[in-house]
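Worth saying up front: this structure is predicted, and the values here are computed from it rather than measured. Note: hydrogens, waters and symmetry copies are ignored here, and every other heavy atom, side chains too, is used.
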Amino acid sequence: MQVKLKRLIVCLAMAGLGSQAVAEDAAQTTDEATEKVERIEVTGSSIKRHNMEGALPLTVISKSDIDSAGITNVDQLMLNLNIGANSNDNLASNAGIVGGEERGNNGASSANLRGQGRDSTLVLLNGRRVATHGIQGRAVDLNSIPFEAIERVEVLRDGASAVYGTDAIGGVINFILKKNYDGVQASTFIDHTQDGGGNIYRFNVLGGTGDLYNDGYNLMASLSYSKAEILRGTDRDFTNTFQPERGLSPDTRGTPFASINNRFSDPDNPASSHYNIIGGGLVDPETGLSQTVLNILALPGQAGCAAGGDGMGVDTGALWNRSNEIFSCAWDYPRASVLQQPVENLNLVSRGSFMLDSGDEAFIEVVGSHVTSNKVFEPNQITPWAIGAEGFYPSTGESYDFIANALADHYGEDQINRGAPIAYRWRCVDCGPREIETTTKAYRFLAGLQGMLFDDEWDYKLGISYASSEAESELGTGYHFTGLLAEGLGSGDINPFLLAGQSQSSAGMAALERASAEGTILFGGKTTMLQVDGLISGSTGWELAGGEVMVAGGFDFRREGYEFQGDRRAANDRPTIYGAPFDDANALDDVSRNIKAVFVEALIPLTYDLELNLAVRHDRYDGFGGTTNPKVSLKYDITDDLMLRAAYSTGFRVPSFNQLYNGVTVLPYTGLDFADPAICPGGQVNPDNPSCAEPLQPSMVFGGKENLGPEESDQANIGLVWSPVDSATFTMDYWEINKEGTIQTLSFDELIDNFELFEDNFIRDGSGNLISVDRRWVNAGERKTSGVEVNAMFNGELYDGRWGLSFNGSYLIEDRKRILPNAEFGDNLVGTHSRGNIPLRWKHTVSFNWSRGDWTHNLIQMFRDSYLDELPPGIASGNTRPDNWNPVVTSYTTYNYSVTYKGLDQLDLTFGIKNLFDRDPPFTAHQNDFSPGAAFDPRVADPRGRAFTLLAKYTF
């Protein structure tokens with residue numbers, strides 16, 4: 001055992017961790033380890049042990065390796081982590097408008113390991129929990145983690161429900177902060193993009209006094225400030241979505257120079273509220289096609305779509321199954337969104353540690369953060385049927401004759417209703433981009449006591465903590481009071497028909513200013529957590545062939561609270577704000593639940609080569625009763641060079657407060673394509689069947705459901721660790737996770753297609769008539785995921801220096817779902833586009849470093865596999881086939897380089913180049929309304945391009 005431990009230590013010391021390298025089951029620095037081997041505690045176990053090799057796969061990333069990789073914040077760390085999901089969990093991939101369940105994406109970034117979901121990944125700070133995000137209420141906001149104060153990050157690539165809590169299904173990320181620091185250090189970090197926009201700055205001061213072991217105390221504090229500047233879609237050429245030859249076109253006719261729209265239901269009657277200039281549509285004299293949405297700039301003889309200003313172009317309706325709209329313009333609204341949200345972050349960490357006369361340590365720790373993020377996205381699209389009929393553009397407007405004459409020139413005077421108002425689709429660029437600023441204040445107060453008992457044979461820890469996260473979202477530019485907006489348009493003061501270079505009149509700008517709703521509080525929320533925990537571990541004195549049996553036991557009490565406030569305005573004074581995603585229906589008073597848990601763990605060395613680890617935890621949740629979750633892991637030393645490890649555990653995740661208590665919202669179904677699926681196949685209207693001839697419009701019921709049950713899971717892994725020589729280590733681990741009763745909402749189509757399984761969701765009156773469809777949360781189905789993770793590390797001597805090479809790869813084998821346990825599993829989703837998480841087949845990172853004297857060079861390659869793109873509707877239906885359409889999104893490879901110099905007195909410098917070859921993200925034609933990114937996907941690729949970094953640390 002000692003031989004293998006030394007080999008591992010040497011390999012780590014020479015190879016370095018790199019940004020992704022794996023230090024298998026290591027939790028202390030190599031310098032400490034080479035001096036003496038003492039009992040240490042690692043993430044995933046409550047028992048301290050004498051060696052760093054265990055049955056669980058653990059990734060350890062040091063802060064120095066994070067810095068050398070040019071990683072600026074926790075968001076970037078998650079994007080670079082191979083076992084992290086490619087999902088909508090960071091500030092770059094959730095930049096659009098959201099509400100309801102996704103409203104928490106305002107200002108929050110989350111961890112999502114192995115694609116199991118942000119609420120199935122446990123985030124710890126120094127081994128203990130922190131409060132979840134105040135608005136989201138489901139997961140920890142990574143922006144609240146004091147990034148600069150991190151000493152290392154431990155990522156347990158396996159569930160730990162038996163140790164930390166039932167929700168640690170996808171894995172555990174434990175951020176370990178600096179402790180026992182004596183001295184003063186100031187550092188600054190600059191991350192500048194070559195093409196401009198999206199620059200990041202960070203400044204930190206760390207100070208401490210006293211040595212805990214020599215002086216009996218240590219007081220330390222760290223204060224850091226960081227700022228990520230905005231990166232707009234217009235800052236990068238690859239975000240152009242006018243690429244119809246590749247299958248991509250923006251799906252909007254709401255343009256800065258407004259499109260003309262028809263209306264239905266008596267549109268040619270001057271007495272009708274639907275009376276408008278083109279009535280029910282116009283017939284093209286050349287093709288005979290009826291056109292219901294058109295833009296006069298696209299008509300023959302007119303200036304063309306580009307004359308409407310930046311971002312306007314010809315609409316490729318065929319990609320969206322709209323082949324009859326031949327005189328239509330579109331606007332590149334995805335390009336008008338933001339690729340990196342602006343974020344400012346202020347973090348404070350302070351800790352006081354005191355050595356008592358007994359030799360025990362008492363400590364107090366306070367962690368706080370103040371995060372301001374500004375979600376910025378494209379301006380509102382305005383239509384008079386959305387803001388009210390009084391918002392039709394009048395015949396007295398200054399552009400009216402221009403519009404009417406252009407229509408009459410092509411379609412004929414007899415087809416238009418000259419003098420009737422205009423129904424339009426207008427992208428209000430003059431309104432400004434929509435902005436939602438979210439301010440989050442989070443803190444945790446922790447007091448603890450730890451030490452040794454029973455002749456220093458047993459360790460113990462006691463702690464009490466209180467944590468809170470309070471967030472509030474406020475409307476910025478781009479939001480206007482609906483009535484005032486309609487008044488300005490209906491009077492003709494606001495003109496939606498302006499060519500490039502033209503501006504609103506002073507009356508128009510004044511009308512927009514009067515209508516502005518900037519400064520209105522959108523919503524806010526607060527989460528709290530009180531935790532009391534205790535742990536004792538040590539030797540039983542029972543000796544087996546392999547050594548002494550070690551045990552641990554403990555308790556954990558948590559009280560979790562959540563509240564959500566919607567519109568703060570007085571109930572009798574709430575004029576409508578157009579497009580503002582208020583969420584009043586889901587307002588919650590202070591709700592809470594208690595979780596009580598006890599757990600035990602035993603480390604049993606059956607023989608010198610065979611070690612068994614048993615753990616079991618019993619949790620009792622208010623409202624859900626008790627659950628017992630075991631974990632069994634095994635480590636077998638086949639030879640001195642080869643180790644086999646395996647583990648099995650179960651998990652249990654209760655619904656979030658939102659999923660249980662969100663208010664019930666009833667919305668009408670306005671489509672004319674639905675019939676009763678009990679008697680009409682596929683729920684389709686069929687004029688030939690009298691029972692299915694008339695479309696139904698049942699109400700749709702959304703919201704929380706208090707009788708939701710928990711998700712349950714079981715998972716297993718088996719792997720090998722091979723160290724044939726001191727300078728090489730290889731690992732390979734297979735894992736699989738099975739979830740049952742997954743909490744999800746089903747689409748209307750899924751409910752219809754599986755009517756026999758969800759017949760109870762179709763609610764009927766006493767006569768059997770279908771009146772509503774329940775689309776609230778359900779415990780539906782099962783999910784199976786599995787994969788393989790491989791790692792290798794080498795080191796040696798080269799040109800009077802030391803080199804190290806590390807490789808980390810993740811291969812996803814399966815990701816399948818089924819709606820109910822008695823249904824069939826669907827297709828394997830690995831390697832396909834998804835509107836949530838993109839399950840890439842393969843990801844890897846290779847890191848090479850070389851050190852000589854005061855210089856250290858580091859080169860990292862990151863690879864992300866190709867995958868099948870989402871099919872545009874027109875291609876899926878066979879309506880069109882662009883010449884350069886490629887159904888595969890190509891792979892993405894980038895390189896990062898850094899060099900560190902330590903030859904200056906008290907000053908360390910690290911210079912780096914990220915995305916060394918300035919590789920653009922791979923092209924994707926996915927639908928922008930449902931997935932992030934314009935012609936690229938921020939869940940896979942960083943849009944910032946080549947960037948130059950400089951880190952300077954000065955020690956006083």
Side-chain angles (χ1 to χ4, degrees), residues 73-75 77-78 84-85 87-95 98-113 117-125 128-147 165 167 170 173 175 228 341 343-347 367-375 436-444 465-474 521-531 558-566 581 583 586-588 590-593 653-662:
N73 50 42
V74 184
D75 240 11
L77 178 62
M78 292 301 103
S87 54
N88 300 332
D89 295 303
N90 59 55
L91 291 178
S93 62
N94 56 50
V98 292
E101 178 65 15
E102 296 301 318
R103 65 173 178 246
N105 286 341
N106 288 349
S109 296
S110 307
N112 184 350
L113 296 181
R118 55 179 176 261
D119 42 14
S120 292
T121 298
L122 182 58
V123 175
L124 304 176
L125 188 63
R128 288 183 167 95
R129 293 177 181 247
V130 294
T132 56
H133 187 252
I135 292 177
Q136 188 183 80
R138 292 177 57 187
V140 172
D141 177 20
L142 298 180
N143 297 300
S144 68
I145 300 296
F147 189 74
D167 51 352
I173 301 179
F175 294 94
Q341 293 182 39
V343 180
E344 288 190 70
N345 197 328
L346 183 66
N347 288 101
V367 178
S369 66
H370 185 285
V371 181
T372 302
S373 65
N374 197 14
K375 178 175 286 192
I436 300 176
E437 182 178 272
T438 299
T439 301
T440 305
K441 303 173 184 177
Y443 68 89
R444 186 184 74 176
S465 64
Y466 183 81
S468 175
S469 174
E470 187 170 3
E472 185 175 78
S473 292
E474 177 181 310
I521 301 300
L522 184 63
F523 44 58
K526 181 180 180 181
T527 62
T528 59
M529 187 187 66
L530 171 67
Q531 181 174 17
R558 302 194 309 276
R559 182 176 182 83
E560 299 174 346
Y562 178 61
E563 61 183 73
F564 178 75
Q565 311 93 31
D583 204 6
N586 295 321
L588 279 175
D590 190 11
V591 293
S592 63
R593 61 182 167 216
R653 187 184 75 82
V654 300
S656 69
F657 289 118
N658 282 317
Q659 292 166 338
L660 290 170
Y661 303 124
N662 270 1

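- Taken from CG in D141 to OG in S109, the straight-line distance is 6.0 Å, to the nearest 0.5 Å.
- One side chain, S87 or N112, offers a donor N or O that lies under 3.5 Å from an acceptor on the other.
- Remark: the T438 side chain and the S473 side chain contain an N/O donor-acceptor pair separated by less than 3.5 Å.
- From L588, atom CG reaches atom CG of N658 across 6.5 Å, with rounding to the nearest 0.5 Å.
- Counting only heavy atoms from C-beta outward, the side chains of I173 and F175 approach each other to under 4.5 Å.
- Using a 4.5 Å cut-off on side-chain heavy atoms (C-beta onward), K526 and S468 make contact.
- Judged as a salt bridge (Lys or Arg N to Asp or Glu O under 4.0 Å), and not counting sequence neighbours, the contacts of R128 are D533.
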side-chain contact (heavy atoms from CB on, under 4.5 Å) for N345 and F147? Distances and angles first, verdict last.
CA-CA 10 Å; N345 197 328; F147 189 74; over 6 Å; no
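- Side-chain contact check for N374 versus Q341: every heavy-atom pair is 4.5 Å or farther apart.
- Here CG of N143 is found 9.0 Å from OG of S110. Values are rounded to the nearest 0.5 Å.
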side-chain contact (heavy atoms from CB on, under 4.5 Å) assessment of F523 paired with I135:
CA-CA 8 Å; F523 44 58; I135 292 177; 4.0 Å; yes
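- Taking the six-membered ring for Trp and thresholds of 30 and 60 degrees, Y562 and F657 have nearly parallel ring planes, at less than 30 degrees apart.
- Residues satisfying the salt bridge (Lys or Arg N to Asp or Glu O under 4.0 Å) test with R444, not counting sequence neighbours, are E365.
- By the 4.0 Å N-to-carboxylate-O rule, E470 lies too far from K441 to be salt-bridged with it.
- At a threshold of 4.5 Å between non-hydrogen side-chain atoms, the residues T439 and E472 do not count as touching.
- Using a 4.5 Å cut-off on side-chain heavy atoms (C-beta onward), Y443 and V367 make no contact.
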Can you list the steps and then say if L530 with R558 is a side-chain contact (heavy atoms from CB on, under 4.5 Å)?
CA-CA 5 Å; L530 171 67; R558 302 194 309 276; over 6 Å; no
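- For the atom pair L124 CG and L122 CG, the distance stands at 4.0 Å (nearest 0.5 Å).
- Of all the heavy atoms in A111 and L142, the pair that sits closest is N-CD1, 3.7 Å.
- With values rounded to the nearest 0.5 angstrom, E563 atom CD is found 8.0 Å from T528 atom OG1.
- Looking at heavy atoms from C-beta onward, V343 lies in side-chain contact with V371 at the 4.5 angstrom threshold.
- At a threshold of 4.5 Å between non-hydrogen side-chain atoms, the residues T372 and E437 count as touching.
- Looking only at atom types and distance, the side chain of T440 has a donor-acceptor partner in the side chain of H133 under 3.5 Å away.
- Residues D167 and S120 have side chains not in contact (no heavy-atom distance under 4.5 Å, counting atoms from C-beta outward).
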The test is side-chain contact (heavy atoms from CB on, under 4.5 Å); show your working for V654 and R593 and say whether it passes.
CA-CA 11 Å; V654 300; R593 61 182 167 216; 3.7 Å; yes
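- From Y466, atom OH reaches atom CE of M529 across 10.0 Å, with rounding to the nearest 0.5 Å.
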